2 protein chains.
Amino acid sequence: MSGLTIGEIAARTGLAVSAIRFYEEHGIVHPVRNDGGHRRYGRHDIRRLSFVMAAQKLGFPLADIAQHLAHLPVHKAPSKADWTRISKVFRHDIDARIAALERLRDTLDGCIGCGCLSLQACKLYNPDDVKAAEGPGPRNLVG
Amino acid sequence: MSGLTIGEIAARTGLAVSAIRFYEEHGIVHPVRNDGGHRRYGRHDIRRLSFVMAAQKLGFPLADIAQHLAHLPVHKAPSKADWTRISKVFRHDIDARIAALERLRDTLDGCIGCGCLSLQACKLYNPDDVKAAEGPGPRNLVG
DNA sequence: CCTTGATCTCAAGTGCACTTGAGAAATGAC
DNA sequence: GTCATTTCTCAAGTGCACTTGAGATCAAGG
């Protein structure tokens, strides 16, 4: 029970080996080393990395995610309370995100009606409504 | 009625002058030049740029946005049909995004219940559910 | 052993979306 | 006509999130 290799972790999470090493540099995982200097991971690291992937999809920058994870125990499984606390932060953010998208959707519905021909009235142009659409700031949703 | 300067466009959209020039390089706006070689924009360019800002918040990469805008007339206001078509694409994407977030939220609710202590059962870890959360891939939502 | 494949470190490169800087020319109020 | 402000071009730099490459070492099956 010496732990999982980086390759096994990569296979289980779907991440690239290079990405996992990169995450280590940024304090997201903290593998121990075996006699040969190779990284050995615990099962809880899979969950940390899964959390990172989920959080990234939500638009959190890595630094923020690392910040959250810094509150979890490093080498053992976090307690139920630990995860519950973090999950609630997520839950809150997701709710806000959904609300923002719904506002944007309603705004767009208005635009479809008006054809966006009126610059003064256009809700897409209107700063307040653009602000209401605040949310991600993403990268590649359409692939 | 010689058109708006880049500074005026920047003021009206909230974008940096450098960003607007950058967008021109990427085919998003097509200002004309005055005798001195300075860019002159039309009012419709404000709307094009507002569209870009909204689309970026939704996670569209610039190249895709430019692709969409390529279907609008360059130097005059687009027709109602033009905007309606584009708005519908947006509407579709927003609906999908909301659905994905709702799925993720439900998943998280499950995790709060279970405390994410079971690796096998954890929905955040479960590949299918992670896939269900597919969506953005953002940058900076928390600021 | 031997060899094949995984892993190691460290430096450099990539892609996106811009920003910054330098030096020159145009604009616009006085 | 003067002068601060704005704009111009073009090259280079920035930040994030990684990937790629080079050269060396470790691990494990036959």
Side-chain angles (χ1 to χ4, degrees), chain A residues 1-41 45 48-49 51-67 69 136-143, chain B residues 1-41 45 48-49 51-67 69 136-143:
Chain A
M1 128 127 235
S2 49
L4 300 155
T5 67
I6 196 169
E8 286 163 344
I9 292 284
R12 291 210 199 301
T13 58
L15 290 167
V17 165
S18 60
I20 298 171
R21 279 195 278 250
F22 175 79
Y23 289 153
E24 181 183 352
E25 279 180 56
H26 289 263
I28 281 165
V29 282
H30 308 273
V32 296
R33 300 303 180 107
N34 72 356
D35 287 357
H38 285 199
R39 294 168 177 84
R40 295 302 166 197
Y41 296 85
D45 287 321
R48 287 176 84 94
L49 291 170
F51 178 86
V52 170
M53 292 188 284
Q56 292 207 113
K57 283 188 178 123
L58 285 180
F60 286 94
L62 251 203
D64 286 28
I65 298 168
Q67 190 83 359
L69 287 175
R139 218 161 43 203
N140 203 340
L141 87 117
V142 273
Chain B
M1 135 130 230
S2 49
L4 301 155
T5 67
I6 195 167
E8 287 163 342
I9 291 285
R12 291 211 199 301
T13 59
L15 290 167
V17 165
S18 60
I20 298 170
R21 280 196 277 250
F22 176 80
Y23 289 154
E24 180 184 353
E25 280 180 54
H26 289 264
I28 281 164
V29 283
H30 308 272
V32 297
R33 301 302 181 108
N34 72 357
D35 287 357
H38 284 200
R39 294 167 177 84
R40 295 301 168 201
Y41 296 84
D45 287 321
R48 288 175 84 94
L49 292 169
F51 178 87
V52 170
M53 291 187 285
Q56 290 206 116
K57 282 188 180 127
L58 285 179
F60 286 95
L62 252 204
D64 286 29
I65 299 168
Q67 191 82 358
L69 287 175
R139 216 162 43 204
N140 204 340
L141 87 116
V142 273

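Each chain gets a letter, A, B and so on, in the order its sequence line appears, and its residues count up from 1. Quantities reported herein were computed from a predicted structural model and do not represent experimental measurements.
- Of the two residues near DNA chain D, A/Asp35 and A/Ser18, the one whose nearest nucleotide lies more 5' is A/Ser18.
- In this structure, the CD atom of A/Gln56 is 15 Å from the C1' atom of D/dG15, given to the nearest Å.
- Between A/Tyr23 and D/dA17, a side-chain N or O to OP1/OP2 separation shorter than 4.0 Å is absent.
- Computed from coordinates, the A/Leu4 CG to C/dA6 C1' distance equals 15 Å when rounded to whole Å.
- Under the salt bridge (charged side-chain N to carboxylate O under 4.0 Å, His left out) criterion, B/Glu8 pairs with no residue, sequence neighbours left out.
- The CZ-P distance, from A/Phe22 to D/dT19, rounds to 9 Å in whole Å.
- Between the P atom of C/dC16 and the CD1 atom of B/Ile28 lies a distance of 13 Å, rounded to the nearest Å.
- When the P atom of C/dC16 is taken as reference, atom CG of B/Asp64 falls 10 Å away, rounded to whole Å.
- The two residues B/Val17 and B/Ala10 have their closest heavy-atom pair at CG2-CB, 3.8 Å.
- Between the NE2 atom of A/His26 and the P atom of D/dC16 there is a distance of 9 Å, given to the nearest Å.
- Contact annotation for B/Asn34: backbone-only contact, meaning every heavy-atom pair under 4.0 Å involves sugar-phosphate atoms and none involves a base.
- One distance of note links CZ of A/Arg48 with OH of A/Tyr41; it measures 12.0 Å at 0.5 Å rounding.
- In this structure, CG on A/Leu69 lies 8.0 Å from NE2 on A/His30, to the nearest 0.5 angstrom.
- The two residues B/Arg40 and B/Gly3 make their nearest non-hydrogen contact at CD-O, 4.2 Å.
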Checklist entry - Are A/Val52 and A/Thr13 close enough, and set up right, to give a side-chain contact (heavy atoms from CB on, under 4.5 Å), and what steps lead you there? => result CA-CA 10 Å; A/Val52 170; A/Thr13 58; over 6 Å; no
Checklist entry - In the 5'-to-3' direction, what one-character label does each nucleotide of nucleotides 2-11 of chain D receive under the scheme B = base within less than 4.0 Å of a protein heavy atom, S = sugar-phosphate only, - = no such atom? => result -----SSB--
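- Nucleotide D/dT19 holds its P atom 15 Å from the CD atom of A/Glu24, rounded to whole Å.
- Taking atom CZ on B/Phe60 and atom P on C/dC16, their separation rounds to 16 Å, with Å as the unit.
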Checklist entry - Where do B/Met53 and B/Leu15 land on the side-chain contact (heavy atoms from CB on, under 4.5 Å) test, with the steps shown first? => result CA-CA 9 Å; B/Met53 291 187 285; B/Leu15 290 167; 3.8 Å; yes
